[in-house]
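Owing to the predicted nature of the structure, the values given are computational and were not obtained by experimental measurement.
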Amino acid sequence: MTDREAKSPATSGNRPAETAALDVLIVGAGFGGLAALHRFRDEKGYSVRLIEAASGAGGVWYWNGYPGARCDVESLQYALAFSPDLTREWNWTERFAAQPEILAYIDYVVDRFDMAKDMRLETRVTSARYDAANARWKVETDRGDRYDVRYLVMATGPLSTPYTPPWPGQDEFTGQIYHTGRWPREPVDLKGKRVAIIGTGSSGVQAATAISKEAGHLFVFQRTPHHIVPAANRPLPDDEQDAVKNRFAELYAQWTATPAGMAWRSLPTDDPVVTGDKSALEVDDAERDAIFERAWNYGGTTLHRSFNDLLIDERASQFANEFIARKIATIVRDPGTAAKLVPTQYYGTKRLILETGYYEMFNRSNVTLVDMKSDPIESLTPAGIRTGKQDFEVDAIIFATGYDALTGSLGRINIRGQDDAALADVWRDGPKSHLGIMVGGFPNLFLVAGPQSPSTLANVIVANEQQVGWIADAVTYLDDHDLKAMEPEPAAQADWVKEVNARGEASIYTKGANWYWGANIEGKSPAFLCFINFAEYKAICDDIADSGYPGFKLLSGARLEQASARD
Ligand code: NAP
């Protein structure tokens, strides 16, 4: 147990099983779950329990303790906004916070709002069954707890079920195997070791850069070269933080009115010159390069916003690729390695990655780039990894191979709605929901950062709080109108599924393989998993709430009695 876990008063150890009737059960102690705990318990006065499988709060930030883990959203807006006091009190040290600092922030939130007493850690929900006659959920855990609750809020995280490709031989490898998304709590000593890291998404890029500094030799297995640009991380001075804190309410309102729920030229860290309102096609080569150069040096996601058509126009996207290729060629000394790092897919089809020294890492004599596209992995062997052409002998293999995104965690819990239907079966051909928050046939089950919500294409904390707020208002509406339950109308749900997929199909995201539509997982049903445009989503949610929840069936006690009499 780490110091952090030992300190946590909610660490469950051998606590006795509990049986309780409650208003709300929340599953998952990431940002979404903590926001829900605060909202339901402290603002609404409901009885609440929060169940978490890990030994501490933090969700994805708890599990992703790999070397180099860092947020790629600016610290000044990657934080909970529900408490002005909290916003005022907390100071970040860097423009992009590292994982330990984010965990320290989460622990601070847990202590500050006395959350631990209502959390049950090291506890996994094993089943949740809807009792239609009483409109209640019966939830069981692996510790023998039994909860009988009115509302079940699943905040299990959109990127929380790690994915490992099913290469044969994994049991035969005699060295250590790790996954970035399940990094051990104990220190991992890779000093001087031969290490293979598989995958060059955000996790792989960050972990490889850090591990290359201590490994004896690092083999970086890359299939697709991603778009990777400098973070330009740096210390965050007090005056920059104060400038945001002093106008926080106003700025937050601006962020929630953007498609990504993020600042766009409202942070002191935003580049004042790169305006992003020109097409990459309307400027000459020299001006285009100057704007790209400025954005590259300014760092963060500035390149993303350098022109207004990078994510829309094929030629504009090509210009970005060509610029990145020129940059790589100036940094990476070996031309063969440099060429392999150049992305060829459309800009934006995979999420932009922020780096700090990643390209430079390939100039080290202890780092080798292995191209899995031309020479795929066939198996793991007792000594390492076998591709079609080579054997790599290593002491440790790190999978940085991503997640079964959005549906992975929910699909693995035995959630049974009306008529004992299993959520996993209902979603077999792709998720079905209304607003990504509720699912037909599963009344009073609410999802935070669920599939078909915009969470993973937006600032996820902003989106979490917006959804938690919508859920809390819906529940208050039920209580105020003496209603027992709500669930989507079939037609409204069908329209939502259609809309989510239509937006996805019209976007850049479906022009390449990625987890936004399940293409990273062998055998996963292709369906677009995210709603594109947070601001429009918020407006739709607000409108539904303001109009008395059209598109949702609202069930009174009398309707429940009629229904159960018919059964
Ligand atoms: P990811 O982006 O899905 O990357 C997975 C990597 O593994 C890719 O390079 C992928 O190659 C490779 N891979 C997967 N299956 C493979 C197979 N069968 N054969 C060969 N290669 C395979 O996963 P991630 O890096 O963990 O990131 C997931 C998401 O988490 C990110 O998109 C981001 O939203 C978030 N994240 C954020 C941060 C941050 O804030 N800085 C850090 C980490 C993660 P292909 O590209 O060819 O599929």
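- Looking at heavy atoms from C-beta onward, F173 lies out of side-chain contact with Q170 at the 4.5 angstrom threshold.
- Within a 6.0 Å sphere centred on CG of D85, heavy atoms belonging to other residues, nucleotides or ligands number more than 12.
- T141 places a side-chain N or O within 3.5 Å of a backbone atom of D145 that can act as its donor or acceptor partner.
- Applying the salt bridge (Lys or Arg N to Asp or Glu O under 4.0 Å) rule to R136 yields the partners D148; only residues at least two apart in sequence or on another chain are considered.
- Taking the ring-ring contact (aromatic ring centres under 6.0 Å, His included) definition, one finds that W137 meets it with Y130, sequence neighbours left out.
- In this structure, E250 places its CD atom where more than 12 heavy-atom neighbours from other residues, nucleotides or ligands lie under 6.0 Å away.
- The ring-ring contact (aromatic ring centres under 6.0 Å, His included) search around H38 returns F82, F113, not counting sequence neighbours.
- Remark: D72 CG to F96 CZ distance equals 7.5 Å, nearest 0.5 Å.
- Heavy-atom neighbours of R124 CZ from other residues, nucleotides or ligands within 6.0 Å: at or below the threshold of 12.
- Listed by chain and residue number, nothing satisfies the side-chain contact (heavy atoms from CB on, under 4.5 Å) test with T258 (two or more places apart in sequence, or in another chain).
- By the ring-ring contact (aromatic ring centres under 6.0 Å, His included) test, F531 is found to be paired with W496, Y537, residues two or more places apart in sequence or in another chain being considered.
- The shortest side-chain heavy-atom distance between Y151 and L478 falls under the 4.5 Å cut-off.
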Requested in this report: Report the C-alpha separation of I397 and L380 in whole Å, then their side-chain angles, then the decisive distance to 0.1 Å, and conclude whether the side-chain contact (heavy atoms from CB on, under 4.5 Å) test is met.
Outcome: CA-CA 9 Å; I397 298 175; L380 269 59; 3.7 Å; yes
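- To the nearest 0.5 Å, atom CG of residue L25 and atom CG of residue D118 are 11.0 Å apart.
- Every pair tested for salt bridge (Lys or Arg N to Asp or Glu O under 4.0 Å) that includes a residue from residues 446-462 fails, sequence neighbours excluded, so the list is empty.
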Requested in this report: Run the numbers on T407 and K524 for side-chain hydrogen bond (donor to acceptor under 3.5 Å, both in side chains), then give the verdict.
Outcome: CA-CA 10 Å; T407 52; K524 186 161 173 172; 3.0 Å; yes
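- If you look at W183 and Y62, their ring centroids are not closer than 6.0 Å.
- Distance check, rounded to the nearest 0.5 Å: CD1 of I461 to CG of L80 gives 5.5 Å.
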Just distance, no hydrogens or angles: give the donor-acceptor pairs under 3.5 Å from side chains in residues 415-424, sequence neighbours left out.
{"from": "R416", "atom 1": "NE", "to": "N414", "atom 2": "OD1", "distance (Å)": "2.9"}
{"from": "R416", "atom 1": "NH1", "to": "D420", "atom 2": "O", "distance (Å)": "3.1"}
{"from": "D420", "atom 1": "OD1", "to": "R129", "atom 2": "NH1", "distance (Å)": "3.1"}

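- Without hydrogens or angle criteria, E487 side chain to G441 main chain gives a donor-acceptor distance under 3.5 Å.
- If you take OH on Y46 and CZ on R41, they are separated by 15.0 Å, rounding to the nearest 0.5 Å.
- Atom OH of Y347 is separated from atom OG1 of T349 by 10.5 Å, given to the nearest 0.5 angstrom.
- K432 contributes a side-chain N or O that, together with a main-chain N or O of V426, makes up a donor-acceptor pair within less than 3.5 Å.
- No donor-acceptor pair closer than 3.5 Å links the side chain of N464 to the backbone N or O of V448.
- The cationic group of R351 does not satisfy the cation-pi geometry with Y516, failing either the under 6.0 Å distance to the six-membered ring centre or the 45° limit from the ring axis.
- Side-chain contact check for E522 versus P166: some heavy-atom pair is nearer than 4.5 Å.
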Just distance, no hydrogens or angles: give the donor-acceptor pairs under 3.5 Å from side chains in residues 156-163, sequence neighbours left out.
{"from": "S160", "atom 1": "OG", "to": "T156", "atom 2": "O", "distance (Å)": "2.7"}
{"from": "S160", "atom 1": "OG", "to": "G157", "atom 2": "O", "distance (Å)": "3.0"}
{"from": "S160", "atom 1": "OG", "to": "S409", "atom 2": "OG", "distance (Å)": "2.6"}
{"from": "T161", "atom 1": "OG1", "to": "S409", "atom 2": "N", "distance (Å)": "3.2"}
{"from": "T161", "atom 1": "OG1", "to": "S409", "atom 2": "OG", "distance (Å)": "2.6"}

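- A salt bridge links E536 with R503: the closest approach of a Lys/Arg side-chain nitrogen to an acidic carboxylate oxygen falls below 4.0 angstrom.
- Using a cutoff of 4.0 Å between basic side-chain nitrogens and carboxylate oxygens, R146 and E140 are scored as salt-bridged.
- Proximity of a side-chain donor or acceptor of S507 to a complementary backbone N or O of Y509 within less than 3.5 Å is detected.
- Not a single salt bridge (Lys or Arg N to Asp or Glu O under 4.0 Å) links D480 to another residue, sequence neighbours left out.
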Report task. Decide yes or no on side-chain contact (heavy atoms from CB on, under 4.5 Å) for D142 and T123, but give the supporting numbers first. Result -> CA-CA 6 Å; D142 62 355; T123 304; 4.1 Å; yes
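- For Y549, the ring-ring contact (aromatic ring centres under 6.0 Å, His included) partners two or more places apart in sequence, or in a different chain, are W470, Y477.
- Using a distance-only test at 3.5 Å, with no hydrogens or angles considered, no donor-acceptor pair links the side chain of Q452 to the main chain of V497.
- Ring pair W90/Y108: centre-to-centre distance below 6.0 Å.
- At least one side-chain heavy atom of F31 sits less than 4.5 Å from a side-chain heavy atom of Y105.
- Proximity of a side-chain donor or acceptor of T401 to a complementary backbone N or O of P165 within less than 3.5 Å is not detected.
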Query - Step-by-step salt bridge (charged side-chain N to carboxylate O under 4.0 Å, His left out) determination, E89 to R112 - result: CA-CA 10 Å; E89 289 160 14; R112 169 80 172 68; 2.7 Å; yes
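- Look at R49 and E18 and you find a salt bridge, because one of the NZ, NE, NH1 or NH2 atoms lies within 4.0 Å of a carboxylate O, short of that distance.
- Relative ring orientation between H179 and F399 is described as parallel, the plane-to-plane angle staying below 30° on a 0-90° scale split at 30° and 60°.
- Residue pairs that meet the side chain to side chain donor-acceptor pair (under 3.5 Å) test with at least one member in residues 73-84, sequence neighbours left out, are W61-Y78, E74-R95, E74-T269.
- Using modelled atom types, one side-chain atom of R412 and one backbone atom of G408 make a donor-acceptor pair closer than 3.5 Å.
- A salt bridge links D114 and K117; the closest N-O separation between the charged side-chain nitrogens and carboxylate oxygens is under 4.0 Å.
- Atoms CG and CD1, from D404 and I521 in turn, are 4.5 Å apart once rounded to the nearest 0.5 Å.
- Take K538 and apply the salt bridge (Lys or Arg N to Asp or Glu O under 4.0 Å) test, not counting sequence neighbours, and it matches D542.
- Among N444, N134, D479, the one residue that satisfies the side-chain hydrogen bond (donor to acceptor under 3.5 Å, both in side chains) test with R150 is D479.
- By the 4.5 Å heavy-atom criterion applied to side chains, R143 and R120 are not counted as neighbours.
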